[in-house]
Amino acid sequence: MPAPIRLRELIRTIRTARTQAEEREMIQKECAAIRSSFREEDNTYRCRNVAKLLYMHMLGYPAHFGQLECLKLIASQKFTDKRIGYLGAMLLLDERQDVHLLMTNCIKNDLNHSTQYVQGLALCTLGCMGSSEMCRDLAGEVEKLLKTSNSYLRKKAALCAVHVIRKVPELMEMFLPATKNLLSEKNHGECELVPQLVRILKNLIMSGYSPEHDVSGISDPFLQVRILRLLRILGKSDDDSSEAMNDILAQVATNTETSKNVGNAILYETVLTIMDIKSESGLRVLAINILGRFLLNNDKNIRYVALTSLLKTVQTDHNAVQRHRSTIVDCLKDLDVSIKRRAMELSFALVNGNNIRGMMKELLYFLDSCDPEFKADCASGVFLAAEKYAPSKRWHIDTIMRVLTTAGSYVRDDSVPNLIQLITNSVEMHAYTVQRLYKALLDDISQQPLVQVASWCIGEYGDLLVSGQCEEEEPIQVTEDEVLDVLEGLLVSNLSAAVTRGYSLTAIMKLSTRFSGVNRIKKVVSIYGSSIDVELQQRAVEYNALFKKYDHMRANPNPNVAVITIHASNSTEADMTDFVFQAAVPKVSRPNPAQIIKCLCFEVLIHGFGLRMRIKLTYTLKGSPVQDLAEVNNFPPQSWQ
Amino acid sequence: MPMRFLLLFSRQGKLRLQKWFTPLTDREKKKVIRDVMALVLARPPRSCNFLHWRDIKVVYKRYASLYFCTGLEDQDNELLTLEVLHRYVELLDKYFGNVCELDIIFNFEKAYYILDEFLMGGEVLETSKVAVSVSMENADTLQETMEEYMNRPAF
């Protein structure tokens, strides 16, 4: 049998393949050759074959048949074999497979090998992928190596020990004495290991440890950061330690050179430490100012990191972060998407009663120009902020209008009922609101949430619209016919969603009690009695019924009739079917009996006792029927008196 | 605190090195590689070097035709991780002399050995560039020549 081809040769050959199929063919051929070579138990070429297998594995092809071969390589005396064998073990085996336990004995032997590089290989493999069983078995050997005079091995043993302790926390006790010795060393290597070990040793004597440790110059930033992290751990819930480190933290914060990323990395770690320990307020302000300076840095990585950190501290150090508000708002105009998003979140967190007007201007401008992926979140944020801090009702309504007109199609579904409620409660703004919404409709009927809110308002306050009662701005002249034109336009437009059509039909119906031209409305309603859309059809039919059977009530349009509209929405992920809403009011001993009507907009008679209503919801969700009963007593008196 | 993984891949999406510091099944590894690669390769040229994927922070940096990409836990220092990636590139550069992607393709095992002298379990093991070079040199010397290899018994 000819000698198997060399690794580099194989790599070269595979790279000449022009198609995926060609490559696959080459790989299959080589794998077959390798398999027969393995079967022959050939010691000479096993290493070469496994190396080739590892290359093919990296390309994505299966290589599990080489697992046992890796074990044989590890057991070999030759260093070349061991190197490839351990590499193969780390790539092909993982702790979930039983096969890897077979390594344990080999590793044990190699941990005691005469050559430090072999010991190193064993430590590395154990430290990267040792399972809990392996760690338990070999902990003793690792502990022995922690005490060796060879610093190369000590460092590897220490990080390996960290892995062991992570896997088997009970073994911590075993490593304590050795690590105590390490901590008194001044060698850089061991000090890097301290943070991980300390985290586990935190109940120990560490509170006596001096934070005045020798911090080397910027030439070893990894070490500096490790020490800072150690301090963070020590100071986290300890007042005394935190106080003891205040000075050195301030020192690092002010003296570190910031011209390169590495200096900023150290500063960043310092800031994280200050924020995590029980530091005094002056130090915290210093930290936040560092973050503020980061925001002005040209390097976008640093800006990103600053925004993320500020977001974490904005709750606890609100006032300090407020001072950097204008810089943060400027970041809304950054080109980078991740930075923009964080700036937006942070801006919303900073909005309060004092800065609402200014902030909202910036945020609305942002809403106008930002990418679609932001619009929904931004719109929700604006609504929330407006609700909490609106300086006046008019401002609130204007802001809502602005959002609906600029980002109307991105607004969340539940905003529509929320807005309707808000508008209802702002009684003095009804005329102004309906006028503005009407004008918006004249411009654009494509944004559904806007159209829905507008239809509802027109249905509810259409009388104010035609009577030109607006105080806030110049009242417009509009006739009943024009209003009905607009609403009917919505019904027929291709741009209107089914839900929107429902809104406009209901609005038209409601206007029948407010407008004088009832016949036109009757005609529209009866047309939709034969609509293909089942929802519209049902509504139209029921409205028709109202026209026919209850026309006598129309003579006194308002006094005895309260119109109650319910909005029901399904916020679960499954479909809801067979939805039925029933409402009943108590019968009283008066001539006109109470009505039980099955539809989504209905009229009930009230008798001056106050309105009590019992409601029953039934629907099917995910195949099972659900029933809900409730009583509603808290109708506002104005609605029935 | 430690890194979860380190990946090297080309602009065309070919994997050149994968180091995992947490136990994952082959299938999970493939998914991570696919997802992270797709995210990183889709980034516009002058974006920042950090992004979020699931619950980890991904830090990546492009050096010539290769992307160096690593996954971090939430409390980790991204700026320092950029330095870690840079240090690894420097180590490769020192070893191969003006390293390029081909060096890493044809000598992938060496790239792993260098990585294992620099990091262990996702943490920085050795911060001295000189120490890593010395270790690699010595270990390479230990590797048998072809003749030695053929003549020496395996067991």
Side-chain angles (χ1 to χ4, degrees), chain A residues 8 11 15 43-44 51 54-55 58-60 75-81 83-84 87 91 94-96 115 117 120 123-124 127-129 131 152 155-156 159-160 162-163 188-189 192 195-196 220-223 225 229 261-262 264-265 268-269 272 300-305 335-339, chain B residues 1-2 14-21 23-26 29-30 33 44 46-52 59 75 77-84 86-87 105-109 112-113 116-117 119-128 131 135 138-139 142-144 148-150 152-155:
Chain A
R8 322 259 181 255
I11 296 178
R15 280 170 64 78
N43 291 332
T44 329
L54 292 179
Y55 177 73
M58 184 141 62
L59 293 178
S76 160
Q77 281 185 41
K78 305 188 217 179
F79 185 68
T80 318
D81 283 356
R83 243 184 165 185
I84 293 281
L87 178 61
L91 288 176
D94 68 68
E95 58 175 64
R96 290 158 210 252
T115 314
Y117 294 105
L123 282 169
C124 183
C128 277
M129 47 138 346
S131 64
Y152 172 80
K155 291 181 201 181
K156 293 207 170 193
L159 272 182
C160 186
V162 170
H163 177 86
H188 284 193
E192 294 168 351
Q196 295 92 306
D220 199 344
F222 306 112
L223 174 60
V225 168
R229 200 167 287 173
N261 178 61
V262 68
N264 287 317
Y268 178 45
E269 192 70 35
L272 291 177
K300 49 172 62 78
N301 292 331
I302 294 178
R303 293 205 296 277
Y304 176 96
V305 144
L335 295 166
D336 186 288
V337 162
S338 320
I339 291 180
Chain B
M1 276 222 235
K14 286 252 163 152
L15 191 65
R16 299 299 179 204
L17 188 143
Q18 51 174 326
K19 188 78 184 176
W20 301 91
F21 300 109
L24 290 177
T25 63
D26 245 356
K29 287 182 191 170
K30 287 214 163 85
I33 293 171
R46 272 180 295 274
S47 329
C48 73
N49 297 81
F50 315 128
L51 55 92
H52 256 275
V59 177
Q75 328 89 293
N77 186 330
E78 301 98 312
L79 297 179
L80 193 74
T81 309
L82 283 176
E83 295 299 318
V84 170
H86 192 75
R87 174 58 67 89
I105 294 172
F106 279 92
N107 300 286
F108 67 92
E109 81 278 13
Y112 277 104
Y113 299 154
D116 287 338
E117 293 296 323
L119 302 175
M120 192 201 281
E123 315 256 17
V124 172
L125 164 65
E126 178 58 70
T127 59
S128 159
S135 307
N138 293 342
L142 266 189
Q143 275 198 219
E144 297 83 0
E148 286 171 344
Y149 187 85
M150 291 303 181
R152 198 170 166 192
F155 302 111

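Letters A, B, ... are given to chains in the order of the sequence lines, protein chains preceding strands, and every chain is numbered from 1.
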Legend entry - A:K78: salt bridge (charged side-chain N to carboxylate O under 4.0 Å, His left out) partners, not counting sequence neighbours: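 A:K78: no salt bridge (charged side-chain N to carboxylate O under 4.0 Å, His left out) contacts found.
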
Which answer fits [X], side chain, backbone, both or neither, if we ask what part of it has an atom under 4.5 Å from a heavy atom of chain A?
X      : answer
B:S135 : both
B:I33  : neither
B:V84  : both
B:T25  : both

Distance in Å, [X] [atom1] paired with [Y] [atom2], rounded so as to fall on 0.5 Å steps:
X      : Y      : atom1 : atom2 : answer
B:Y112 : A:L91  : OH    : CG    : 4.5 Å
A:L59  : B:L15  : CG    : CG    : 8.5 Å
A:I302 : B:L79  : CD1   : CG    : 6.0 Å
A:T115 : B:N138 : OG1   : CG    : 11.5 Å
B:Q75  : A:L272 : CD    : CG    : 10.0 Å
A:N264 : B:L80  : CG    : CG    : 12.0 Å

Legend entry - B:E117 and A:K155 ion-paired at < 4.0 Å: no

Legend entry - Side-chain ion pair, A:K156 and B:E123, N-O less than 4.0 Å: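 Looking at B:E123 together with A:K156, the answer is no, because their closest N to O distance does not fall below 4.0 Å.
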
Legend entry - Residue, of B:S47, B:A131, B:S128, B:G121, that accumulates the most heavy atom pairs under 4.5 Å with chain A: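 Winner by heavy-atom pair count: B:S47.
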
Legend entry - Options A:T44, A:N261, A:D81, A:I84, ranked by heavy-atom pairs under 4.5 Å with chain B, top entry: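 Of the options given, most contacts go to A:N261.
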
Inset, instruction - Between chain B and each of A:M58, A:R83, A:R303, count heavy-atom pairs under 4.5 Å; write down the option with the most. - result: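 Sorted descending by pairs with chain B, the first entry is A:R83.
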
Legend entry - Full working for side-chain hydrogen bond (donor to acceptor under 3.5 Å, both in side chains) between B:Q143 and A:Y117: CA-CA 11 Å; B:Q143 275 198 219; A:Y117 294 105; over 6 Å; no

Legend entry - Backbone of B:C48 reached by a side-chain donor or acceptor of A:D336 within 3.5 Å: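 Such a contact is found between A:D336 side chain and B:C48 backbone.
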
Inset, instruction - Kindly say whether A:A265 contributes a backbone atom to a donor-acceptor pair with the side chain of B:N77 at under 3.5 angstrom? - result: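 Such a contact is found between B:N77 side chain and A:A265 backbone.
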
Given side chains that start at C-beta, do those of [X] and [Y] come closer than 4.5 Å, heavy atoms only?
X      : Y      : answer
A:R15  : B:F106 : yes
A:S338 : B:H52  : no
B:R46  : A:K300 : yes

Inset, instruction - Sort A:L54 into side chain, backbone, both or neither according to what part of it lies under 4.5 angstrom from a heavy atom of chain B. - result: both

Inset, instruction - Under 4.5 Å heavy-atom distance to chain B, tell me which part of A:Y152 shows up: side chain, backbone, both or neither. - result: side chain

Inset, instruction - Check step by step if side-chain hydrogen bond (donor to acceptor under 3.5 Å, both in side chains) holds for B:E78 and A:Y268. - result: CA-CA 9 Å; B:E78 301 98 312; A:Y268 178 45; 3.2 Å; yes

Inset, instruction - Not counting sequence neighbours, which residues clear ring-ring contact (aromatic ring centres under 6.0 Å, His included) with A:Y304? List them please. - result: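 Listed in chain order: B:F50.
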
Legend entry - More than 12 heavy atoms from other groups under 6.0 Å of NZ on B:K29: yes

